Amino acid sequence: MSYKDQLKQLFPSITYDEETDLEEYVFINPKEIVEISKSLKSLHFNLILEFGVENFKNHKGITLIYVFEKADYRKLLIMQSKINNNAESIAQIYPTAMLYEREMQDGFGIEFNHSFDTRKLFLHEYYPEGFHPLKKAFTNAHLKLKGKVSPSEEYVFKKINGEGIYEISVGPIHAGIIASGHFRFNVIGETILNLEIRHFWKHRGIEKCAENKTPEEGTVFAESIGGDETIANTLAYCTAIEKISGIKVSKRAEHLRLLCAEMERIYSLLGDIAGMIVDVAYPVGASQFFNLREEILRWNERLTGSRFCKGMLIIGGVSKDVNSKTLDELGDYLNYFYSQFTNSFLKILENASVLDRFETTGIIKESLVKPLNLTGPLARASGVNKDERICHPYTKIYEQIMNPNKILNEGDVLSRFRIKANTIKNSANIILMIIKNMPKGEMSVNYDIKDGCSCSIVESSRGQNIMFINIKNKKIDRFKVRTASFCNWYAIEHAVMGNIVPDFPLINKSLNLSYEGNDL
Amino acid sequence: MNSPLFRIIAPKAKKNRDDEELKRLRLELKRSIGSVFGRSMAIREVDTGSDGSPEIELVNLTNPYYDIEQYGITFVASPRHADVLMVTGPVTCNMVTPLCKVYEATPSPKWVIALGDDACGIGIFKDSYAVIGSVDKVIPVDVKIPGNPPIPIDIIKGLLELIEKIGKEGY
């Protein structure tokens, strides 16, 4: 019996909606969401996304969509709940729901009953009161911001009182060449007692900007979600549109797409590894990895015309073919890369002063992985084998050519360092296999856009990126994206506890989460 | 392929077509920073809503391939230490106040570079509710470096343009 049938037995009011090979849609009674969530939790389902859509499937008001996944179950269970302006919070059952609900509270003005945190999320103090950008009644245009903010309107951080406890507030503009984010520490002596992060300084309104655009115009918005996740997000976007319209991409285009995706994973994780070594004051060791990253970026330019592979992925395939001579040369380079990388990596691990800083620093416990929906290398360093290339395969290619991932249980900076290195080596091997198996075929196919909605999941360098696209009258009606960083950011609040303040940059770099992918 | 011999004879990364130009630009940089900035130019990077790629390229400028630090350019941790602010992104509503504060905190004489299409006001977000549109709508901008994102060579050219401008117009 499928899980939705099990649920139907418990909750007769559930009605079935469409079903694809990766998604199961059902309608639920809004009043029963808390009970349904409890049952799903006991069935080991996890909430991975919750968001709203206005004017969806003949419902004038707002439809809340809850996306659930289960570790050994390929399909996503998608609950649709038709509400007006009020819903029950499920944050008591799934802690990550608190963020999604705060997001919807800003976006649509939905009120959540029994919610334990109702502070604003992405609309900061200077936005006018009662402004909800995702409502269809609002047409995208510049706003008149508040001139002044009174102290009572300011964001409230958690206060910790006691003898000898002091606050350090960092950001939004903080040291280094880095994006904007705010960190509020409570410290006793040198030890961090509590950290609260506040983000969304870089909120650009991507979701609204993409609305009413044609699917082709929407591609640049998917690319701009995050510079170092360009391919991952565009891949999720194109996959969603292709699923809706029934477009079949040629085998060659599929291989080229994955080649770019793995190149992106390599350069992105190389940056993390180099950054971690810089943060323990060992720039000589780091420069090896910076060199390799520059070489990969130059290869990207050679393969796609852009150092960040921008413009490579299009709906229906890829925009540029790569000739076999270039592919052979890339194969030679990757063999050289592999040996260079392995050598440099082993040398770093021989260095006692590096290990001293890496070991037992910033531990993320395995018990946090599921409640916070932590994904990617970060989960694999904390004992959970989470990789969407295997858990929710968006292509058949990976299962044929991918080596099994390494899993470590310690959850400290050192294990993240090693897992990331392993992921890089794995990706290099995948690319070599792709080059070996590269089939002949079309670059892109012709297509017709159809109306409908779809949810797609992709493994980016940081973990699970999920995208929901609804097409109405051949235009984008709703563009919802949640990158891995949105959930993974909250791991840092737990990882730094009990560590000393000077280790914070290292822990931050070992996670290297995306600010722009979080803020949208 | 993993033999020690291969490591010696293996081609280093492909020669970039810009390598010759890079050599010329770096000498130019050294000369002009020496004469106009007294050998050191301090840059504070401010991100007001970019997609993260301009930051990656700025970090790349300090890698051994470009290594602009040896020509006198340093990226500093605080605007109080900076001569130049390098602003990326279309200036989100949430970042207007921090950007103004950073500008005020930077000691005079100071200059501002807008880096990337978004910062120059020609990016895809310029009409969004969540942004102001371009850096020059908030603080005065001296040089614009367009690109999505601008490649390292273009950033160096932009820096030279600024130094040349200051050399001509004075502080």
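All chains are named by letter (A, B, ...) in the order of the sequence lines, taking the proteins before the strands, and each is independently numbered beginning at 1. Small disclaimer: the values here were computed from a predicted structure and weren't measured.
- The residue from A:R293, A:E294, A:E295 that alone fulfils the side-chain hydrogen bond (donor to acceptor under 3.5 Å, both in side chains) condition with B:Y65 is A:E295.
- In this structure, B:K30 places its NZ atom where only 12 or fewer heavy-atom neighbours from other residues, nucleotides or ligands lie under 6.0 Å away.
- Around the CD atom of B:E164, the shell of radius 6.0 Å holds no more than 12 heavy atoms that belong to other residues, nucleotides or ligands.
- B:D127 places no side-chain N or O within donor-acceptor distance of the main-chain N or O of A:N140, the cut-off being under 3.5 Å.
- Comparing B:P149, B:G52, B:P152, B:S53 by how many heavy-atom pairs each has under 4.5 Å with chain A, the most go to B:S53.
- If you measure heavy-atom distances from A:A179 to chain B, the contacts under 4.5 Å come from both the backbone and the side chain.
- For B:V131, the parts lying near chain A are the backbone and the side chain together; criterion is any non-hydrogen pair under 4.5 Å.
- Not counting sequence neighbours, the partners of B:Y129 by the ring-ring contact (aromatic ring centres under 6.0 Å, His included) test are A:F131, A:F138, A:H203.
- Within residues 512-520 of chain A, the residues having any heavy atom under 4.5 Å from a heavy atom of chain B are, by residue number, A:E516.
- Each of B:E55, B:K101, B:E45 has some count of heavy-atom pairs under 4.5 Å with chain A, and the biggest count is that of B:E45.
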task: Would you check, one step at a time, whether the test side chain to side chain contact (heavy atoms under 4.5 Å, CB included) holds for A:C209 with B:I124?
output: CA-CA 9 Å; A:C209 284; B:I124 53 173; over 6 Å; no
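- Within 6.0 Å of NZ on B:K137 lie more than 12 heavy atoms contributed by other residues, nucleotides or ligands.
- Ion pairing between a basic and an acidic side chain is recognised when a charged N comes within 4.0 Å of a carboxylate O; A:K202 and B:D51 show no such pairing.
- Contact tally against chain A (heavy-atom pairs below 4.5 Å) for B:P79, B:P98, B:G123: the top residue is B:P98.
- In terms of heavy-atom proximity, B:V102 sits nearest to A:I173 at CG2-CD1, 3.1 Å.
- Residues B:N60 and A:R307 approach most closely at ND2-NH2, 3.5 Å, considering heavy atoms.
- Heavy atoms closer than 4.5 Å to chain A are found nowhere in B:D118, neither backbone nor side chain.
- In terms of non-hydrogen atom pairs under 4.5 Å with chain B, the most contact-rich of A:P133, A:G271, A:S306, A:S287 is A:P133.
- For chain B, the nearby part of A:L297 is the side chain; its heavy atoms alone come within less than 4.5 Å.
- Note that CG of A:L292 and CG of B:N63 are 10.5 Å apart. Values are rounded to the nearest 0.5 Å.
- Distance alone, capped at 3.5 Å, is enough to place a donor-acceptor pair between the B:S128 side chain and the A:R204 backbone.
- Only the side chain of B:T97 has a heavy atom closer than 4.5 Å to any heavy atom of chain A.
- Residues A:H124 and B:N94 share a closest heavy-atom pair of CB-OD1, 3.1 Å.
- Here the side chain of A:H142 pairs a donor or acceptor atom with the backbone of B:K126 at under 3.5 angstrom.
- Taking every heavy atom of both residues into account, B:T92 and A:W201 meet most closely at OG1-O, 2.6 Å.
- Listed options A:Y267, A:F337, A:Y126 were ranked by heavy-atom pairs under 4.5 angstrom with chain B; first place goes to A:Y126.
- No side-chain heavy atom of A:S180 sits less than 4.5 Å from a side-chain heavy atom of B:T48.
- Looking at B:R44, its side chain never comes within 3.5 Å of a backbone N or O of A:I177 through a donor-acceptor pair.
- Note: B:A77 leads B:G89, B:P90, B:A77 in heavy-atom pairs under 4.5 Å with chain A.
- A pairwise comparison of heavy atoms in B:V59 and A:F290 identifies CG1-CE2, 4.0 Å as the closest pair.
- Shown here is B:R80, whose CZ atom has no more than 12 heavy atoms of other residues, nucleotides or ligands within 6.0 Å.
- A:F200 pairs by the ring-ring contact (aromatic ring centres under 6.0 Å, His included) definition with nothing, not counting sequence neighbours.
- The side chain to side chain donor-acceptor pair (under 3.5 Å) check on A:Y127 picks up nothing, with sequence neighbours excluded.
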